Amino acid sequence: MRELCHLQDLVDAKTKGFELEVGEESVAILLAFRDGAVYAYRNACPHVGTPLNWLPDQFLDSEEQYLQCATHGALFRIHDGYCEYGPCAGDSLQAEAVTVTDHRVYWVDGDA
C-alpha cells in the first residue's frame, strides 16, 4: 500500500491526481470524493488514453457532477466511472483499489 493523501485534503479538493512510480513504470491515478466515499481510477480516458485533467487536480465538469475528459469532453459518473457522454460512451474508467485508514487514503497496488 502507498499513502496518497490525508482524507481531509481530498474532501477539501474534491478530486486529486497522482503519478506513482511502480518499478520502471509511472501510473497516473485520480481520486474523487463524493457523498462520504473515495473513488479511484486510472487517469486515462478509455477513448485515446489521454489524461482526464488539463490542470492539476481538476477532473470535474463545471457543475461538479461528473469526471470530465479535457480532451473530448466525455463525462464519467463519479461512483462507477461509467461514461455517459462523449466518444467513449458506454465504456468505463479503469478502477483502482484504495482504502482509508486513520484518515489517510492509500492506493492498494498489485504488488501489495
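Worth saying up front: this structure is predicted, and the values here are computed from it rather than measured.
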Roughly how far, to the nearest 0.5 Å, is [atom2] of [Y] from [atom1] of [X]?
| X | Y | atom1 | atom2 | value |
| --- | --- | --- | --- | --- |
| Cys88 | Leu93 | SG | CG | 7.5 Å |
| Tyr41 | Gln94 | OH | CD | 11.5 Å |
| Tyr39 | Phe33 | OH | CZ | 9.5 Å |
| Leu4 | Leu20 | CG | CG | 6.0 Å |
| Arg104 | Asp9 | CZ | CG | 8.5 Å |
| Thr71 | His47 | OG1 | NE2 | 9.5 Å |

Tell me, do [X] and [Y] make a side-chain contact under 4.5 Å, heavy atoms counted?
| X | Y | result |
| --- | --- | --- |
| Cys69 | Thr50 | yes |
| Asn53 | Leu30 | no |
| Gln65 | Arg34 | yes |
| Phe18 | Val105 | no |
| Leu31 | Trp107 | no |

Atom of [X], atom of [Y] and distance for their closest heavy-atom approach:
| X | Y | result |
| --- | --- | --- |
| Cys83 | Gly86 | SG-N, 4.5 Å |
| Gly17 | Asp57 | N-OD1, 2.8 Å |
| Trp54 | Ala70 | CD1-CB, 3.4 Å |
| Leu52 | Cys45 | CD1-N, 3.4 Å |
| Leu60 | Ile78 | CD2-CD1, 3.8 Å |

Q | Same apolar cluster (I L V M F W Y, side chains within < 4.5 Å links), Ile29/Val38 | A |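 Same hydrophobic cluster.
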Q) Would you say Val11 and Phe59 are hydrophobically clustered, going by side-chain heavy atoms of ILVMFWY under 4.5 Å? A)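 Different clusters.
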Q | Under the side chain to side chain contact (heavy atoms under 4.5 Å, CB included) test, residues paired with Ala44 that sit two or more places apart | A |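 Partners of Ala44 by the side chain to side chain contact (heavy atoms under 4.5 Å, CB included) criterion come out as none, since no residue qualifies.
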In terms of heavy-atom contacts, does [atom1] of [X] have more than 12 from other residues, nucleotides or ligands at under 6.0 Å?
| X | atom1 | value |
| --- | --- | --- |
| Glu21 | CD | yes |
| Asp12 | CG | yes |
| Tyr106 | OH | yes |

**Q.** Main-chain N/O of Ala32 paired to Thr15 side chain as donor or acceptor, under 3.5 Å
**A.**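 A pair under 3.5 Å: no.
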Q: Without swapping roles, check the side chain of Asn43 against the backbone of Ala28 for a donor-acceptor pair under 3.5 Å.
A: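 Not a single qualifying donor-acceptor pair exists.
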Q) Should the pair His103 and His6 be assigned to parallel (<30°), tilted (30 to 60°) or perpendicular (>60°) ring geometry? A)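 Plane angle under 30°, so parallel.
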Q: Applying side-chain contact (heavy atoms from CB on, under 4.5 Å), run through Asp109 and Arg2 and close with a yes or a no.
A: CA-CA 8 Å; Asp109 64 9; Arg2 296 185 195 198; 3.3 Å; yes
